[in-house]
There are 2 protein chains.
Amino acid sequence: MAGRPREFDRDQALEKAQDAFWTRGYEGTSMADLVSTLGIASARIYAAFGSKEDLFREAVGLYEANEGGFATRALAQEPTARRVIERMLREAVETYTRPGRPQGCMVVSAATNCAVENDRLLEWLAEHRRARTVSIVERLNEAVRDGELKPDTDARALGDYYAALLHGLSVQARDGVPKERLHDLVTVAMQALDARRAERS
Amino acid sequence: MAGRPREFDRDQALEKAQDAFWTRGYEGTSMADLVSTLGIASARIYAAFGSKEDLFREAVGLYEANEGGFATRALAQEPTARRVIERMLREAVETYTRPGRPQGCMVVSAATNCAVENDRLLEWLAEHRRARTVSIVERLNEAVRDGELKPDTDARALGDYYAALLHGLSVQARDGVPKERLHDLVTVAMQALDARRAERS
DNA sequence: CAGATTATTTGTCGATCGATAAAAAATGGA
DNA sequence: TCCATTTTTTATCGATCGACAAATAATCTG
């Protein structure tokens, strides 16, 4: 273990790359943009991160481990499906509209339209979105088994519904719809779940 | 009025451009792509349509006048807000998942992440989405005034809710969620409106 | 100190981006 | 028939794309 020590903070550079990709997407952020945003020469970026694509994947990982991890956190920490869903949506609204931060969801908007040669990235993000949908559906199925929701509840339809809403929230946030209106919209959306709650003793 | 007659079908070329932009987005579709898709040299494209951006705007216009015009059509043709909303969502699902056609909504996905120099296009599409939201909210407000919906209904929240869902449906369709599941999800979403319907004599 | 290792600097690579100039070809009108 | 007009053909433009090679500099080990 030797060699010249790195002169820049790799984690800090990764954060800056995350924000750039989150704001403008993968193809919307050029290497020249990254050079000026990170403040280091392109050869240093390649030495530290491998390629633009590698950097992007690492940036998405950082996003999902922090700001974008609200779904995972809600699923892990909330005791009921009702609370999982509401917390997930409320935190999504907050994250998507945070002042001074990139708007919307990085996983939804960073690679939606891109050239053929980057289809792998597009598919990679799509798989992340589908996985999130699956985890929501599974949690709702669990709630049906537990008796939290009525036995005849269509958990998949309900899960698809909240997943679609989550993705729609991202588009709305990017369009500049204010946080308060998004919260009001979530309130409307929670009725679908409340209508399926079982009467408990 | 003279000059050499055009040798290709302009409308047909515009349709092909629409499909290309719809599939891969504005920046994801290069001039080289357009040349091979339309089957004509780039100089001819510029002569007929002005620029890549002009061609894109014209292609979006074509989309909104046909496949993408379901919201306008539903608003103009259906007698009740209930029927407007359901027809709009059902037709959206059909349009977004049509076999052999580009998936999702062109207005939602053709310019979500792009470079700084194309921010005008991004903002232009965002304005289209916001305008659609406004027209939905206005229709729901009208329904409250008409007595179709309960007097204490928050029409804006409800309109924002259906707009968000519409945008989410586009993302889901692009992710390959099958049509049937999207219809089931729409069924769940219709409950929010039904809960606001007034009891009529 | 010398040698191995890693980072930084500097310059540049071939490919592709959107766009156009100039010349040739095909029409209608006088 | 000849001219004005428009399209097509052909070739190419400068800018930018992502990526890297080679030389230099800074560290640890022995």
Side-chain angles (χ1 to χ4, degrees), chain A residues 1-14 16-18 20-21 23-60 110-111 113-122 124, chain B residues 1-14 16-18 20-21 23-60 110-111 113-122 124:
Chain A
M1 197 198 298
R4 179 174 178 168
R6 180 174 286 121
E7 293 178 3
F8 68 95
D9 187 326
R10 193 181 186 282
D11 295 337
Q12 197 174 318
L14 184 59
K16 289 177 183 172
Q18 168 200 272
F21 283 132
T23 304
R24 313 221 63 94
Y26 178 70
E27 292 188 341
T29 308
S30 68
M31 280 306 300
D33 291 335
L34 291 169
V35 166
S36 72
T37 300
L38 308 198
I40 57 179
S42 70
R44 302 173 74 180
I45 299 179
Y46 280 90
F49 297 101
S51 68
K52 188 190 172 189
E53 179 173 340
D54 289 337
L55 174 56
F56 177 76
R57 295 183 119 104
E58 209 170 324
V60 171
N113 47 274
C114 67
V116 198
E117 62 264 28
N118 295 316
D119 264 349
R120 297 178 1 272
L121 273 186
L122 194 145
W124 184 64
Chain B
M1 197 195 294
R4 177 173 180 168
R6 181 174 285 121
E7 293 179 4
F8 67 96
D9 187 326
R10 193 180 186 280
D11 294 336
Q12 198 174 318
L14 184 59
K16 289 177 181 170
Q18 169 201 273
F21 284 134
T23 304
R24 312 219 68 90
Y26 178 70
E27 292 189 342
T29 309
S30 69
M31 280 306 302
D33 293 334
L34 290 170
V35 166
S36 73
T37 300
L38 308 199
I40 56 179
S42 71
R44 302 173 74 180
I45 299 179
Y46 281 90
F49 298 101
S51 68
K52 187 189 174 189
E53 180 174 339
D54 290 337
L55 174 57
F56 177 76
R57 295 183 119 103
E58 209 171 324
V60 171
N113 48 273
C114 66
V116 198
E117 61 264 28
N118 296 315
D119 264 349
R120 298 177 1 270
L121 273 186
L122 194 145
W124 184 64

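Convention: sequence-line order gives letters A, B, ...; per-chain numbering from 1. Just so it is clear, the structure is predicted and the values come from calculations on it, not from any experiment.
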For residues 35-57 of chain B, which residue pairs pass the salt bridge (charged side-chain N to carboxylate O under 4.0 Å, His left out) check, not counting sequence neighbours?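 The answer is B:Glu53-B:Arg57, B:Glu53-B:Arg120.
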Let me confirm one number: the CG-OH distance from B:Asn113 to A:Tyr26, rounded to the nearest 0.5 Å.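 B:Asn113 atom CG to A:Tyr26 atom OH measures 12.0 Å (nearest 0.5 Å).
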Applying a 4.0 Å non-hydrogen cut-off, can you work out what A:Phe8 is touching in the nucleic acid: base, sugar-phosphate, or nothing?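 Contact class for A:Phe8: sugar-phosphate only.
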Quick one: A:Leu55 CG to D:dA19 P, roughly how many Å, whole number? 10 Å
Could you state the atom-to-atom distance from CZ of B:Phe49 to C1' of D:dT6 in whole Å?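 Whole-Å distance recorded here is 16 Å.
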A:Trp124 side chain near A:Val60 side chain, heavy-atom distance below 4.5 Å: yes
By side-chain contact (heavy atoms from CB on, under 4.5 Å) - contacts of [X] (at least two apart):
X        : result
B:Ala115 : B:Glu27, B:Glu117
B:Leu14  : B:Phe49, B:Leu55, B:Glu58, B:Ala59, B:Leu62
B:Asp11  : B:Asp9

Set of residues satisfying side-chain hydrogen bond (donor to acceptor under 3.5 Å, both in side chains) with respect to A:Gln18, sequence neighbours excluded: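 Partners of A:Gln18 under the side-chain hydrogen bond (donor to acceptor under 3.5 Å, both in side chains) test: none.
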Measure all distances between protein nitrogen or oxygen atoms and nitrogen or oxygen atoms of nucleotides 15-17 of chain C, and list the pairs falling under 3.5 Å.
unit_1: C:dC17; atom_1: OP1; unit_2: B:Ser30; atom_2: OG; d: 3.3

Treating B:Arg24 as the side-chain partner and A:Cys114 as the backbone partner, does any N or O pair qualify as donor plus acceptor under 3.5 Å? yes
Salt bridge (Lys or Arg N to Asp or Glu O under 4.0 Å) against B:Glu7, all qualifying residues, sequence neighbours excluded: B:Arg4
Using the test salt bridge (Lys or Arg N to Asp or Glu O under 4.0 Å), find all partners of B:Arg6 that sit at least two apart in sequence or belong to another chain.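 In terms of salt bridge (Lys or Arg N to Asp or Glu O under 4.0 Å), with neighbours along the sequence ignored, B:Arg6 is linked to no residue.
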Donor-acceptor pairs are to be reported for all side-chain atoms of residues 32-41 of chain A against protein atoms at under 3.5 Å, with residues two or more places apart or in another chain.
unit_1: A:Asp33; atom_1: OD2; unit_2: A:Ser30; atom_2: N; d: 3.0
unit_1: A:Asp33; atom_1: OD2; unit_2: A:Ser30; atom_2: OG; d: 3.2
unit_1: A:Ser36; atom_1: OG; unit_2: A:Asp33; atom_2: O; d: 3.1
unit_1: A:Thr37; atom_1: OG1; unit_2: A:Asp33; atom_2: O; d: 2.8

Check each residue of residues 34-46 of chain B for a non-hydrogen atom within less than 4.0 Å of any atom in DNA chain C, then write out the ones that pass by number, or none. B:Ser42, B:Ala43, B:Tyr46
What nucleotide among C:dG28, C:dT8, C:dA19 has an atom nearest to a side-chain atom of A:Arg6? C:dT8
Select from A:Gly50 and A:Glu7 the residue whose nearest nucleotide in DNA chain D is closer to the 5' end of that strand.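 Looking at DNA chain D, the more 5' nearest nucleotide goes with A:Gly50.
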Below 3.5 Å is the cut-off: list the nitrogen or oxygen pairs between protein and nucleotides 23-25 of chain C, distance only.
unit_1: C:dA25; atom_1: N3; unit_2: B:Arg4; atom_2: NH1; d: 3.3

